[in-house]
Structure formats: C-alpha cells, structure tokens
Amino acid sequence: MEYNFTEIEQKWQSYWSSGKTFRVRIDPSRPKYYVLDMFPYPSGAGLHVGHPLGYIASDIYARYKKLKGYNVLHPMGYDAFGLPAEQYAIQTGQPPQKTTEQNIRRYREQMDKLGFSYDWDREIQTCDPSYYKWTQWAFLKMFHHWYNKDSSKAEPIDRLIDAFNVQGNGQVQAAHHCQKIFSAREWHAFSEKEKEDILMCYRIAYLGETTVNWCAALGTVLANDEVKEGLSLRGGYPVEQKKMKQWQLRVSAYAERLLEGLDRLDWSDSLKEMQRNWIGKSDGTEMEFRVSNGSETFSMTVFTTRADTIFGVTFMVLAPESEWVEKLTVPGKRKEVEKYLAYVKTKTERERMTQTHRVTGVFTGSYATHPFTGKEIPVWVSEYVMAGYGTGAIMAVPAHDRRDYIFAKHFDLPVIPLIEGCDISSESFDAKEGVMCNSDFLNGMTVQEAIPAAIREVEKRKLGKRKTNYRLRDAIFSRQRYWGEPFPIYYQDGIARTLPESSLPLELPAIDSFHPSESGEPPLARTKNWTYQGYPLETSTMPGFAGSSAYYLRYMDPHNPHALVSAQANKYWQDVDLYIGGTEHATGHLIYSRFWNKFLYDLRYVCKDEPFRKLVNQGMIQGRSSFVYRIKNTNTFVSCNLKDSYETTEIHVDVNLVTGDRLDLDAFRAWNPEYKDAEFILENGEYICGWAIEKMSKSMFNVVNPDTICARYGADTLRMYEMFLGPLEQSKPWDTNGIDGVHRFLRKFWRLFFDKDGNLYVNNHVPDGKELKILHNLIHKVEEDIENFSFNTTISAFMISVNELADLDCHKREILEPLVILISPYAPHIAEELWTLLGNSPSVANASFPVFNPEHTKEQTFEYPVSFNGKLRFKKQLGLNLESEEIIRLVVEDVRTEKYSGGEKIKKVIVIPGKIINIVI
RNA sequence: GCUCGGGUGGUGGAAUAGGUAGACACGCAGGACUUAAAAUCCUGUGGACAGAAAUGUCCGUACGGGUUCGAUUCCCGUCCCGAGCACCA
C-alpha cells in the first residue's frame with residue numbers, strides 16, 4: 001500500500017471536525033495547559049507559508065501535552081477589526097463586514113488543511129458584537145476607575161470622589177494629570193462640569209488633550225507602537241505631531257508593575273529587554289530653577305539623572321512645545337522665537353528624527369539662576385528637547401552630555417569640565433566615571449559617590465526631590481475610523497457620559513460610505529441617529545489593540561453572555577501557559593494586554609496578574625524574490641549575468657514562474673499583458689533571474705501558498721518541513737529545496753508498517769534489546785526536544801530511528817505503536833491512519849505518550865583497568881602523580897566502546913576521582 | 001550611538017555544566033534496478049598532503065590573544081551580520 005496523503009488527510013480532517021475530537025471542557029481531574037497562538041488579522045492575501053510556522057509549533061506542543069495527560073486549551077480566532085479592511089472599503093466601497101467575513105472563511109479553509117487541533121467551538125472574532133461587548137465593558141470599567149498609588153492598584157472612582165469630598169486632592173496619591181490643587185470646600189463649590197473635568201484627569205480611561213501621532217493620509221491618530229521612524233506602520237505614510245483631544249488609557253500608571261512583572265515571566269531575554277526599553281525607567285531628580293524674563297520670576301522644574309553635574313550647567317533648554325516658551329520669551333526676542341517655532345512646526349516628525357545632526361535653537365532672552373552658584377544662565381529653545389518626556393525642559397551640561405555639547409559648540413556657549421583630566425576638546429565625556437572637580441562640595445568624589453551626594457544636597461536645600469521617570473506614555477485609544485469597536489460614550493452638555501452596562505454591546509451601525517467626512521470627522525459622524533437618548537455618541541472607534549487585549553480570557557469561556565469569563569472558568573484555566581507569536585507585538589499588544597490584564601486583576605475579574613507565562617517568538621519566514629531585468633525604454637529583458645552591459649530596471653517577477661532561477665518564458669509572457677510581446681536576451685539558452693531575500697509579501701511576488709505545498713506533498717510533510725527548516729525562533733528564507741527529504745522520510749515511515757509485498761504487517765513478537773534501545777532513545781529525544789522547542793532536531797532523530805528499524809526489518813507492535821504516538825504531534829494525519837490500521841480505535845490524540853525507560857538505553861557500568869600509555873595528561877585533576885608508561889586502576893562510571901574490525905576498543909571512559917571527569921583516550 | 005542576539009562545509013543546520021566538530025537533510029558525484037523515465041536503494045562528499053588501497057598526517061567552528069591536559073563552547077580585544085531602540089536629559 002502506498003502512502004496516499006491526499007486521501008488520508010481529507011479523511012482525518014473530516015473525522016476530526018465531525019467528531020469534534022479537539023473539543024475541550026473544564027475537567028478538574030486533569031491538570032490544565034493553555035497553548036495560545038497570536039490570532040491572525042485576516043488579510044485579503046490569505047495565509048502564506050510563513051504564517052503557519054508558529055501555529056505548527058504550538059500545535060505540536062499542544063498535542064504533546066495532550067498525550068502527556070494534560071487537559072489542553074488550544075483555541076483560535078481572528079483579530080478582525082483593523083485598518084486594511086477599512087482602507088479596502090474606502091477604495092472599493094465593499095463593506096468591511098463582508099470582506100472580513102470572506103477573508104476569515106479563506107483563512108479557515110487554509111488552516112483546516114494543515115490539521116491543527118484547535119477547538120473551533122471556541123472561535124472568536126473581535127468584530128463580533130457578542131465579543132466586543134466585553135471590550136466595551138472593560139473600557140467602561142477603566143472609565144470608572146482611577147489608579148491609587150498608595151495601594152498600587154485600580155480603585156472605583158467613587159472612592160476618589162469620597163476623598164475629594166473630605167479632603168480635596170492635595171493628599172491623594174493618584175496617577176493623574178490634574179493641574180489644580182483644591183480643598184474639599186473648593187471641590188463642593190465646583191460646577192458639575194468642573195467636577196467631571198477634574199475626574200477625567202484621574203480616570204484610567206480618559207479623554208484628554210495630548211500630542212498625538214496624526215496621520216493625515218490615513219485620517220487618524222496612531223499609537224506610538226504604530227509609528228516607526230516617523231511613518232505609519234500600516235501604509236508607511238508620514239505622521240506628524242499634533243495636539244488633539246483623544247481617549248487615552250492610563251497605561252503609564254502601571255509602568256512599574258509592567259516592568260517588575262517581567263522578572264517573573266519565562267520570555268526571551270531580548271523580548272523582555274525590548275519591553276524594558278519601551279517602559280524606559282530612569283531614576284533621577286527633579287530640580288527647581290528660578291527663572292526670570294526681566295519682569296516676572298518663575299520656578300521651573302527640570303529632570304535629570306545626573307544631579308552630580310549640577311555645577312556644569314551653563315544654559316537651559318526648553319522644548320519648542322513647552323508652555324514655558326511663551327512665558328519666558330522677552331519682548332525683544334519674540335519675533336525670533338516665533339520664527340523658530342514656525343520653522344519647527346513645518347518639519348514632520350520624520351524630518352525631526354532623521355535630521356538630528358542639524359543643530360537648531362533660539363535664545364528666549366530669559367535667564368535662570370543657578371541654585372548653587374547664583375550665576376545667571378541663559379534659557380534657550382531647541383527641538384532636541386522633547387515636550388513629552390520629563391518636564392519638557394532640561395538643564396544643559398555640555399561637558400558631559402553629547403547633545404548639550406554639540407549645542408553649546410554651535411552657539412558658542414561655555415563648557416565647564418567637571419571630571420579631573422577628562423578630554424572635552426572635541427566631544428563630551430559622557431561616561432559615569434572619574435573624580436569630580438569644579439564642583440564645590442562634590443570635589444574629590446567619584447561620579448558614583450557624587451550622584452547620591454548631590455541628590456541629598458538638593459533635597460536638603462529643598463531645591464527638588466528624587467523622581468522616577470518612565471518613557472512609557474499613555475496609550476491613545478481613539479481612532480477616527482469606522483471599522484473598530486464603538487465607544488459606549490455619549491456627550492451631554494459637553495460632559496462625557498457612559499452607557500449603562502446593560503445596553504452593551506453598542507453595535508457598530510452599517511454605513512454606506514467609508515470616507516472620512518469633509519471636515520475630517522470619522523465616518524460615524526455622518527451616521528444618522530448615531531445617538532443615545534437624543535445625545536450624540538462618540539464618533540471615533542477603538543484601536544486595533546483593544547480587541548486583542550483580553551481575547552485569551554474570552555477563549556476560556558467564549559459563549560458566556562454574562563461575563564467576559566466566569567470566575568469558575570478563569571479559576572480552572574488561569575493563564576496562558578505557552579504563547580507563540582512574532583516579536584512585532586513586543587511593544588504593542590504584549591504591553592497593552594499585560595496592562596489590561598493587570599487592570600482586570602485589580603478588579604478581581606481574573607486570578608492572575610500576568611497573562612502569558614511562557615512566550616516563544618517564532619522567526620519570520622522570508623521570501624526569496626526573483627527579478628528580471630528590463631532594458632530601459634524597451635520590452636526586452638536581459639538575463640541576470642549579462643545585465644551589466646545594459647542599462648536596466650529591476651522588476652519583481654512571480655516566483656511561481658521561476659524554477660531554480662530559470663524563468664519560464666511563456667509563463668512570463670502570459671503573466672502580465674504588458675509582457676506579452678517581451679523579448680529576451682538569454683545566456684546558454686536560458687533566462688536566469690536575479691534573486692534577493694525579502695519579506696514575504698504579495699507586492700514582491702514571492703509569496704508561497706501553503707495550499708500549493710499541501711497539494712503536492714501533503715500537510716504532514718509541510719508541517720515537518722517547516723519545523724525542519726531550522727530553529728523556531730530564527731528567521732529564515734523559505735526554500736523548497738529539501739522538502740523532498742522530509743517527504744521521503746514520511747514515505748519511509750509509512751513503509752515501516754508493511755512487508756516486502758506491501759501488505760500491512762505488524763506482529764506481536766517480543767522486541768529485543770536493540771529495538772528497545774532505538775525506541776527508548778527516541779522517546780527520550782522527542783520528549784527533551786519538544787520541551788526545549790527544538791523541533792528541528794527531533795526530526796533528525798526520527799529519521800535515524802526509522803532507518804535503523806527499517807534495517808532491522810522490525811515489524812513488532814511493541815515498537816511500532818509507540819512510534820506512531822511519538823510522531824503524531826508532527827504528522828498527525830499519517831499517525832491517525834497508521835494508528836487505526838494497527839487496529840486501535842481513533843484517535844491517537846487520546847493515547848498516552850510512551851514512557852521512557854532508561855533501562856533499555858543504559859550502557860554498561862563496571863570497573864575497568866585502563867592503560868593510558870602516556871597519553872594521560874590529567875594528573876592535576878586526578879590528584880595523581882603518573883609517569884608516562886604507568887598503568888593505573890580507576891573506578892569507572894561509564895565506558896563507551898566502539899566496534900571495529902578487530903573487535904571493540906574503548907573510546908571514552910568516565911571516571912570518578914571524587915568528581916566526575918570525562919576522559920577521551 | 002545604545003541594548004540584545006549571532007558568525008560552524010557548496011547550502012539549511014547538529015554538537016556547548018569544556019571532552020571524537022560537521023549529526024540529520026539538501027545539493028553534487030558515482031553506482032544498482034529499469035527499454036526508458038519516475039520511484040527506490042547503495043557508495044562518496046570540510047580542506048591540504050602522502051598512499052595502489054586499507055589508512056595515515058597536518059590544518060580547520062569570523063579574526064587576534066588568554067585560561068585549560070583539552071576551547072565551536074569560558075574570558076579579553078577586533079571585525080562582520082541581524083534585530084530592537086534612537087535626541088528619553
């Protein structure tokens with residue numbers, strides 16, 4: 001019988017789905033294990049071979065854990081709200097509901113072909129009202145809570161109001177951005193609007209004025225993680241900084257907990273490091289400077305991590321956006337400053353970031369007084385100081401800060417060195433080392449001593465106090481978009497009011513035009529009756545990360561109409577034990593969902609404060625793009641190695657028209673009408689394409705569809721091959737060379753179960769030591785490798801074992817049956833088929849993982865006389881005094897021998913001279 | 001610039017509480033079976049040198065040092081590649 005993968009795979013896929021083989025339920029008698037994939041955004045392009053990489057790995061692990069007796073939750077769903085569907089809707093008029101549904105269907109078809117063990121009864125789609133009800137619900141909870149720094153958790157806003165009623169806000173330790181300090185009496189006197197405005201500054205979900213990333217081309221604001229190098233992540237359009245009133249989440253309140261929680265997570269160091277950088281904790285000091293513009297005197301605060309350099313401050317710098325600029329610009333400088341501010345405004349965020357070498361700035365005309373020396377120091381404005389970090393103003397120490405140094409040199413400001421013997425003739429000395437000088441009471445101390453000493457002095461003189469700053473900003477939560485969750489918010493006399501929980505979900509209305517309105521308002525603004533009890537509803541929608549922030553909780557209890565997740569389900573499933581997905585979510589989703597989860601934890605809706613215990617980042621599978629070279633202004637294409645003699649344009653060509661870099665000329669002509677009359681200049685009768693490794697994407701024509709591979713080799717081969725390609729976490733280009741090897745192996749595996757005539761043949765003979773050794777070595781290896789996510793090396797082990805068993809012509813049930821179980825996580829279809837052919841009832845998923853017995857693999861242990869014949873050079877370790885020809889007797893723990901024509905010879909001895917030492921002879 | 005990874009045959013990659021480097025696979029070369037092809041199987045395959053051959057010797061894990069009886073593995077320095085952050089005071 002031949003290995004007919006098409007038939008086998010179809011048969012078992014339909015068996016699994018109709019029999020609901022992978023349905024899971026709460027079962028207190030078994031330990032739980034939760035294996036989660038980052039759910040995909042269903043794009044119009046469908047899955048390419050890179051997408052399933054992580055899914056295959058998680059499926060292997062989930063099946064393995066199931067075999068190990070765990071009750072495994074392994075769900076899948078779709079992150080269905082998002083920009084691309086809406087962009088597509090704008091271009092084509094197709095409603096996103098419709099295209100999203102189509103894409104989901106396509107994704108599902110493709111995934112089904114790969115034989116995943118998902119419990120599809122738990123599928124969720126973030127655009128489904130029964131799901132986003134709970135996204136809106138969480139938002140309402142955040143609106144109604146504030147962050148108490150004393151208890152380090154979120155608490156109901158009513159309790160804050162109680163505090164205001166009794167004592168005002170002076171003593172309240174809260175994460176907030178309220179500028180006013182008021183007494184209880186003042187609080188009582190405020191109007192309702194005033195009270196609401198104040199409370200808004202304390203809510204965890206709040207509406208606030210802030211500098212946002214505004215993307216004009218997309219017509220929406222974007223979160224920091226959606227912007228890269230001044231361009232939008234989606235589409236690559238320019239992004240500018242703009243002050244706008246937006247919904248935000250007070251993620252910054254959780255900065256310390258988000259940072260500290262990382263220590264308890266089993267994530268890769270690099271990912272943790274990325275999150276640490278993103279949170280950007282820095283310990284320093286806030287220091288006050290008296291500043292005068294000639295007529296008025298103010299107290300201005302700056303933040304520094306180098307309080308020790310206080311005596312090197314020779315000027316101050318304000319961010320152009322800082323409110324101090326207005327106050328400190330003297331009349332004589334007004335024109336100049338305004339001109340500078342106008343100049344800064346014309347620069348896009350991207351320009352400001354890429355043109356960092358350009359030194360710009362302007363003097364305000366004001367002076368600050370140095371708190372220790374009393375000297376007057378000028379206050380400047382420059383774009384190199386950022387409004388959003390610290391206080392938007394800095395004390396500049398040109399001798400010991402690179403940026404300040406460059407600025408000082410450019411504008412000819414004084415530089416005072418503070419470290420003995422440091423060379424600052426061409427650049428600043430930024431290292432935190434050396435002995436202080438020119439620094440009054442700090443002189444003679446090392447930098448490490450001077451930092452705390454300076455802070456102590458600052459605090460003693462009441463010039464400032466210790467402060468920890470975080471780079472992490474609050475998340476901007478509104479998008480001027482249609483295809484997202486509507487906010488359960490309406491406006492009454494300019495006050496934001498929440499819809500009652502009982503009215504959720506607030507469903508997204510169907511609309512017919514997806515363009516933003518003329519005035520730049522979101523599409524919902526044009527929707528008739530977008531009101532609640534006659535009051536206008538919020539017209540922006542929630543961002544992409546809203547729906548993905550708690551989906552892992554919903555999988556635990558996906559159909560519950562009364563709660564996001566019941567306490568019972570949450571208590572059983574707890575948290576995600578293994579989360580697999582790409583690094584691209586390091587500073588987005590993985591921060592937001594940790595924040596979201598911590599918030600729900602504070603409110604006791606979930607029992608774990610960290611959602612994802614272990615996280616593995618699968619690498620990206622890149623595409624191998626092919627190129628043709630068109631001679632400029634012609635329709636003639638020249639082969640790769642001849643292209644240097646012509647002036648050519650490089651054009652991407654569909655990789656499916658190329659075999660081993662040779663272009664199929666007819667297929668190329670048929671590919672695109674533009675090329676139907678193409679002429680070719682060949683080399684050796686062939687057209688050779690150029691190539692490059694790039695991101696796999698439709699626009700590069702380098703997409704390899706898993707369906708094609710499945711049709712040709714079967715899903716089991718694809719699954720094993722993707723794992724065989726290399727370490728899971730490593731990025732690697734897709735290369736179909738080598739897939740034959742894996743396919744050959746599976747055929748060989750199949751043939752192991754048949755006799756020479758091709759009849760199924762399995763006997764009940766008792767296996768001998770050799771066969772048992774092969775099996776148990778393999779059990780050991782598979783177990784070890786799966787636990788270490790080293791899926792590629794397991795496959796080698798399978799290949800070796802199967803070859804050995806084939807050589808022994810082994811058809812023993814006791815060996816072959818466990819072998820089927822071992823391979824089932826990798827190649828589930830072939831395993832199911834063989835499992836039933838062996839007379840077992842389906843499915844192998846319900847079998848248990850074979851037990852490793854070291855007795856079967858153990859090598860001999862005995863005392864052995866060993867002659868070292870002068871090759872022994874281990875006297876020191878052994879504590880022996882040996883002459884070269886001496887023969888010694890050692891207690892040997894293990895001896896490895898090797899057969900050769902003359903008999904056996906010793907290759908390796910493991911001795912115990914107090915400590916185990918490996919010796920190779 | 002800073003942080004974190006990484007550099008091993010023609011290729012993807014094995015092997016690190018330090019102990020036979022190159023598992024396994026691809027590719028390539030040769031062979032068997034076949035009218036032929038496909039499929040399958042076998043043999044060889046890091047480099048250099050010696051030998052008819054079995055085999056042996058030397059060199060080899062980016063480069064230069066160090067620790068060690070022994071280093072792909074540990075330490076120091078240099079170079080290169082990848083990823084992330086990037087005026088964060």
Side-chain angles (χ1 to χ4, degrees), chain A residues 2 228-229 268-282 284-285 287 302-307 309 313 316-317 319 352-359 382-397 400-404 406-407 427 430 469-473 583-584 586-587 617 619-620 660 693 720-721 724-727 729-745 747-748 751 790 792-801 803 806 868 871-878 896 898 901 907-910 916-921:
Chain A
E2 261 307 302
K228 216 170 195 179
E229 291 171 359
S268 72
D269 290 338
S270 69
L271 194 73
K272 285 192 201 179
E273 201 56 31
M274 270 190 234
Q275 290 216 340
R276 287 196 189 102
N277 283 340
W278 191 258
I279 295 166
K281 180 178 182 172
S282 70
T285 323
M287 231 184 277
V302 299
F303 174 77
T304 180
T305 53
R306 294 290 303 271
T309 60
V313 177
M316 319 258 309
V317 189
R352 230 172 124 172
M353 277 160 84
T354 51
Q355 299 176 356
T356 52
H357 56 280
R358 270 168 64 181
V359 185
S382 173
E383 57 180 330
Y384 85 89
V385 174
M386 302 197 309
Y389 186 77
T391 60
I394 62 155
M395 57 178 226
V397 186
H400 303 290
D401 183 282
R402 197 176 50 87
R403 298 151 300 177
D404 298 344
I406 295 167
F407 193 81
E427 57 179 0
D430 292 9
N469 258 334
Y470 298 90
R471 225 164 57 97
L472 185 71
R473 312 289 163 80
T583 13
E584 65 271 22
T587 52
N617 291 119
M620 245 208 310
I693 302 298
M720 284 196 112
Y721 182 59
F724 190 61
L725 222 44
E729 311 203 13
Q730 194 173 301
S731 286
K732 53 234 160 190
W734 177 257
D735 176 10
T736 318
N737 286 335
I739 196 165
D740 287 306
V742 172
H743 190 61
R744 254 196 290 269
F745 159 73
R747 280 208 301 254
K748 206 166 188 175
R751 282 200 305 273
S790 181
N792 53 332
T793 50
T794 327
I795 295 166
S796 304
F798 273 121
M799 290 174 173
I800 295 168
S801 301
N803 266 332
F868 289 96
K871 283 197 176 178
L872 183 67
R873 285 167 301 184
F874 319 108
K875 299 171 198 173
K876 217 194 279 175
Q877 280 81 356
L878 294 171
R896 305 242 166 91
E898 189 186 59
S901 49
K907 284 301 274 190
K908 191 178 204 172
V909 195
I910 300 163
I916 297 168
I917 294 176
N918 297 322
I919 299 174
V920 179
I921 303 171

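Note on naming: letters A, B, ... go to the chains in the order of the sequence lines (proteins, then strands), and numbering restarts at 1 for each one.
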**Complete:** Among the nucleotides B/A89, B/U40, B/A25, whichever has the atom closest to the side chain of A/Y389 is B/A89
**Fill in**
note: A/D740, atom CG; B/C41, atom P; distance rounded to Å ~ 13 Å
**Item:** Integer angstrom distance from the P of B/U68 to that of B/G9
**Value:** 29 Å
**Prompt:** Looking at the side chain of A/I394, which of B/A89, B/A86, B/C24 is the nearest nucleotide?
**Reply:** B/A89
Could you list all N or O pairs between the protein and nucleotides 5-8 of chain B that sit under 3.5 Å apart?
none

**Fill in**
RNA chain B in dot-bracket form (Watson-Crick or G-U pairs under 3.5 Å, [ ] crossing, | inter-strand) is (((((((..(((......[....)))((((((.......))))))(((((....)))))..(((((..]....))))))))))))....
**Complete:** Between CD of A/E273 and C1' of B/A86 the distance, given in whole Å, is 15 Å
**Request:** For A/F724, enumerate each residue passing the ring pair (Phe, Tyr, Trp, His ring centres under 6.0 Å) test, keeping only those at least two apart in sequence or located in another chain.
**Result:** none
**Fill in**
Assign each of A/V742 and A/M274 the nucleotide of RNA chain B bearing its closest heavy atom; nearer the 5' end lies the nucleotide of A/V742
**Prompt:** A/K272 has an atom NZ; how far is it from atom P of B/C4, in whole Å?
**Reply:** 14 Å
**Message:** Taking the minimum atom-to-atom distance to the side chain of A/V385, which one of B/C26, B/C24, B/A89 wins?
**Reply:** B/A89
Can you give me the N/O atom pairs linking the protein to nucleotides 11-14 of chain B at distances under 3.5 Å, or say none if there are none?
unit_1	atom_1	unit_2	atom_2	d
B/G12	O2'	A/L725	O	2.7
B/G13	OP1	A/Q730	NE2	2.4
B/A14	OP1	A/N792	ND2	3.1

**Prompt:** Is any side-chain nitrogen or oxygen of A/R744 closer than 4.0 Å to OP1 or OP2 of B/C26?
**Reply:** yes
**Message:** Can you check the distance between B/A29 and B/G10, where both ends of the measurement are the C1' atom (answer in whole Å)?
**Reply:** 13 Å
**Asked** Parallel, tilted or perpendicular: which fits the ring planes of A/Y384 and A/F407, with parallel below 30° and perpendicular above 60°?
**Response** tilted
**Prompt:** OP1, OP2 of B/G1 versus side-chain N and O of A/R402: anything below 4.0 Å?
**Reply:** no
**Asked** For atom C1', what is the distance between B/U11 and B/C4, given to the nearest Å?
**Response** 28 Å
**Request:** Please state the P separation for the pair B/U55 and B/A17 - nearest whole angstrom.
**Result:** 32 Å
**Item:** Touch class at under 4.0 angstrom, heavy-atom based, for A/R276 against every strand present
**Value:** nothing
**Request:** Grab the CG-C1' distance between A/L271 and B/U3 for me, whole Å please.
**Result:** 14 Å
**Item:** With sequence neighbours excluded, residues passing salt bridge (charged side-chain N to carboxylate O under 4.0 Å, His left out) with A/K281
**Value:** A/E256
**Asked** Rounded to whole angstrom units, what separation is found between the NZ atom of A/K281 and the P atom of B/A89?
**Response** 14 Å
**Prompt:** Say you pick atom C1' in B/C81 and the same atom in B/G66; how far apart are they, in whole Å?
**Reply:** 26 Å
**Prompt:** Excluding sequence neighbours, so at least two apart, what forms ring pair (Phe, Tyr, Trp, His ring centres under 6.0 Å) with A/F745?
**Reply:** none
**Item:** Nearest-neighbour nucleotide for the A/R471 side chain, B/A89, B/C4, B/C85 considered
**Value:** B/C85
**Message:** Go nucleotide by nucleotide along RNA chain B from the 5' end; which of A/N803 and A/M395 gets its closest nucleotide reached first?
**Reply:** A/N803
**Message:** I'd like the C1' distance from B/A62 over to B/G70, given in whole Å.
**Reply:** 22 Å
**Prompt:** Does a nitrogen or oxygen in the side chain of A/K748 sit under 4.0 Å from OP1 or OP2 of B/C41?
**Reply:** yes
**Request:** Considering only atom P, compute the distance from B/A15 to B/U8 and round it to an integer number of Å.
**Result:** 15 Å
**Prompt:** If you check every side-chain atom of A/R751, which of B/A25, B/C4, B/C41 has the closest atom?
**Reply:** B/C41
